[in-house]
J.: 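Dropping the structure in here first, questions after.
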Amino acid sequence: MESKECELLLARHGIKPTANRVVILRTLAAGRRPMSMRELEMEIFSIDKSNIFRALALFRTRHLVHVIEDGDGGTRYELCYSRDEDNDEDEHMHFFCECCHRTFCLHDLHAPEVSLPDGYRLHSVNCLIKGICPTCTGKREADKR
Ligand SMILES: [Zn+2]
Ligand SMILES: [Zn+2]
């Protein structure tokens, strides 16, 4: 993602586009898969951990990132590409591979509609499927031969 594009995206979410925020946003955009804090730290050397964390918290409040739980009990961050904050069309399911421990976006699969009992208010749905990814399935098949 170009710097200019990052700045526009930040501005659209009401976030002041500082140099650090642009770097963090670009890293998330380049990641292709939801990234953990550790992965972000390993990609971004120029910004310290607490500042990355603070920027992510801000992105989260402004609905610029989705925060998801992965199958290892960790937290991952991904950019939200929805153009409408109130009706998120980018909410999708995730797939956790129990073999390589990577988390994938299933962009075409949306979380099922849920009707909650009285008194419960829904904020977000975290839908994670666990299994084996195509790469690992391929390796397993090859090992059998
Ligand atoms: Zn895998
Ligand atoms: Zn995703």
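Indexing begins at 1, ligand by ligand and atom by atom, following the structure's order.
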J.: Less than 6.0 Å separating the ring centroids of H92 and H110?
T.: no
J.: Below 2.8 Å, can you find an N, O or S atom of C99 next to the Zn ion (ligand 1)?
T.: no
J.: Among H94, E78, R60, E91, which one satisfies side-chain hydrogen bond (donor to acceptor under 3.5 Å, both in side chains) with H66?
T.: E78
J.: Using 2.8 Å as the threshold, say whether any N, O or S atom from H101 sits that close to the Zn ion (ligand 1).
T.: no
J.: Taking the Zn ion (ligand 1) as the vertex, what is the angle from SG of C100 to SG of C133, given to 10 degrees?
T.: 120°
J.: May I ask you to check if any N/O/S atom from H66 comes under 2.8 Å of the Zn ion (ligand 2)?
T.: no
J.: If you stand at the Zn ion (ligand 2) and look out to NE2 of H94 and SG of C105, what angle do those two lines make, to 10°?
T.: 120°
J.: State whether E41 and R38 are salt-bridged, where the test is any N-O pair (Lys NZ or Arg NE/NH1/NH2 against Asp/Glu carboxylate O) under 4.0 Å.
T.: no
J.: Looking at the Zn ion (ligand 2), is one of the N, O or S atoms of H92 less than 2.8 Å from it?
T.: yes
J.: Does some side-chain heavy atom of I68 sit less than 4.5 Å from a side-chain heavy atom of L128?
T.: no
J.: Is a salt bridge present between R33 and E39, judged by a nitrogen-to-oxygen distance below 4.0 Å?
T.: no
J.: Would you say the ring centers of H13 and F59 fall short of 6.0 Å from each other?
T.: no
J.: With the Zn ion (ligand 2) as the point of reference, which N/O/S atom of E78 is the closest?
T.: OE1
